[in-house]
Amino acid sequence: GKLEYERDTFGLVRFLSDLEREMLDVARQKGVRLEFRTQGFLPAVIETDRRKLHQILMHVINNVIKKANAETVTVTAALRKKPRSRPDND
């Protein structure tokens, strides 16, 4: 099947805050404390498929909460430097 991509521009901090609120009940039900943190500079706005990013992060965080043998699960958002592209060696 064809992978569809919807390009959205949205506020990253608000997106993460909304995601945290959605996941708090899941964490509480499992007796886990959920913490969201940011590290360093994050862009105010990002451009990506919001719905797919939301689905992926919900899935990953949910799995960590369910399988955690810890009292606290910490989600950290940080900007990684994009690797330098190398010229093609044809």
Side-chain angles (χ1 to χ4, degrees):
K2 183 181 176 186
L3 181 64
E4 294 187 27
Y5 176 83
E6 289 185 34
R7 183 173 288 194
D8 302 310
T9 302
F10 55 93
L12 181 58
V13 173
R14 174 70 183 263
F15 174 83
L16 293 172
S17 178
D18 291 347
L19 185 64
E20 180 180 19
R21 273 194 299 279
E22 290 179 62
M23 296 305 300
L24 282 175
D25 283 337
V26 174
R28 279 191 205 117
Q29 290 172 7
K30 294 292 183 181
V32 174
R33 187 169 140 216
L34 181 63
E35 294 180 353
F36 272 62
R37 297 183 182 166
T38 58
Q39 182 177 338
F41 167 79
L42 290 178
V45 174
I46 63 171
E47 188 175 297
T48 191
D49 188 320
R50 180 185 180 113
R51 186 178 57 80
K52 284 195 170 76
L53 179 60
H54 182 265
Q55 287 175 337
I56 291 166
L57 291 177
M58 289 282 286
H59 179 74
V60 169
I61 295 167
N62 196 24
N63 282 343
V64 171
I65 289 170
K66 285 180 179 180
K67 297 175 183 180
N69 277 340
E71 294 176 8
T72 304
V73 170
T74 303
V75 178
T76 304
L79 183 64
R80 288 180 53 179
K81 287 187 176 183
K82 189 175 182 178
R84 291 183 183 173
S85 59
R86 291 184 281 170
D88 291 337
N89 293 329
D90 291 5

Exercise for review: Report yes if the side chains of I61 and L19 come closer than 4.5 Å at any heavy-atom pair, otherwise no.
Suggested key: yes
Review point. If you round to the nearest 0.5 Å, how far is CD of E35 from OG1 of T74?
Key: 4.0 Å
Review point. Just how far is it from atom CZ of R51 to atom CD of E6, taken to the nearest 0.5 Å?
Key: 5.5 Å
Check your understanding: Taking side chain as C-beta onward, heavy atoms only, is I46 less than 4.5 Å from T9?
Key -> no
Check your understanding: Can you find a pair of side-chain heavy atoms, one from V26 and one from N62, that are under 4.5 Å apart?
Key -> yes
Review point. Under the 3.5 angstrom rule, does the side chain of K66 hit a backbone N or O of K30 as a donor-acceptor pair?
Key: no
Review point. For V32 and T72, what are the C-alpha separation, side-chain angles and deciding distance, and is it a side-chain contact (heavy atoms from CB on, under 4.5 Å)?
Key: CA-CA 5 Å; V32 174; T72 304; 5.8 Å; no
**Study point:** Heavy-atom side-chain proximity of R50 to L53 below 4.5 angstrom
**Key:** no
Review point. Could you go step by step and tell me if R7 and E47 meet the salt bridge (Lys or Arg N to Asp or Glu O under 4.0 Å) rule?
Key: CA-CA 6 Å; R7 183 173 288 194; E47 188 175 297; 3.2 Å; yes
Exercise for review: Report the relative orientation of the aromatic rings in F10 and F15; use parallel for angles under 30°, tilted for 30 to 60°, perpendicular for over 60°.
Suggested key: tilted
Study note, to complete from the structure: Of all heavy-atom pairs linking A77 and L16, the shortest is CB-CD1, 3.7 Å
Exercise for review: Compare every heavy atom of I65 with every heavy atom of M23, then report the nearest pair and how far apart it is.
Suggested key: CE-CD1, 4.0 Å
Point to revise | Shortest non-hydrogen separation from A68 to V73 and the atoms involved | key: CB-CG2, 3.9 Å
Review point. If you look at every heavy atom in L12 and P43, which pair is closest and at what distance?
Key: CB-O, 3.7 Å
Exercise for review: Any chance you could measure D18, atom CG, to R14, atom CZ, to the nearest 0.5 Å?
Suggested key: 5.0 Å
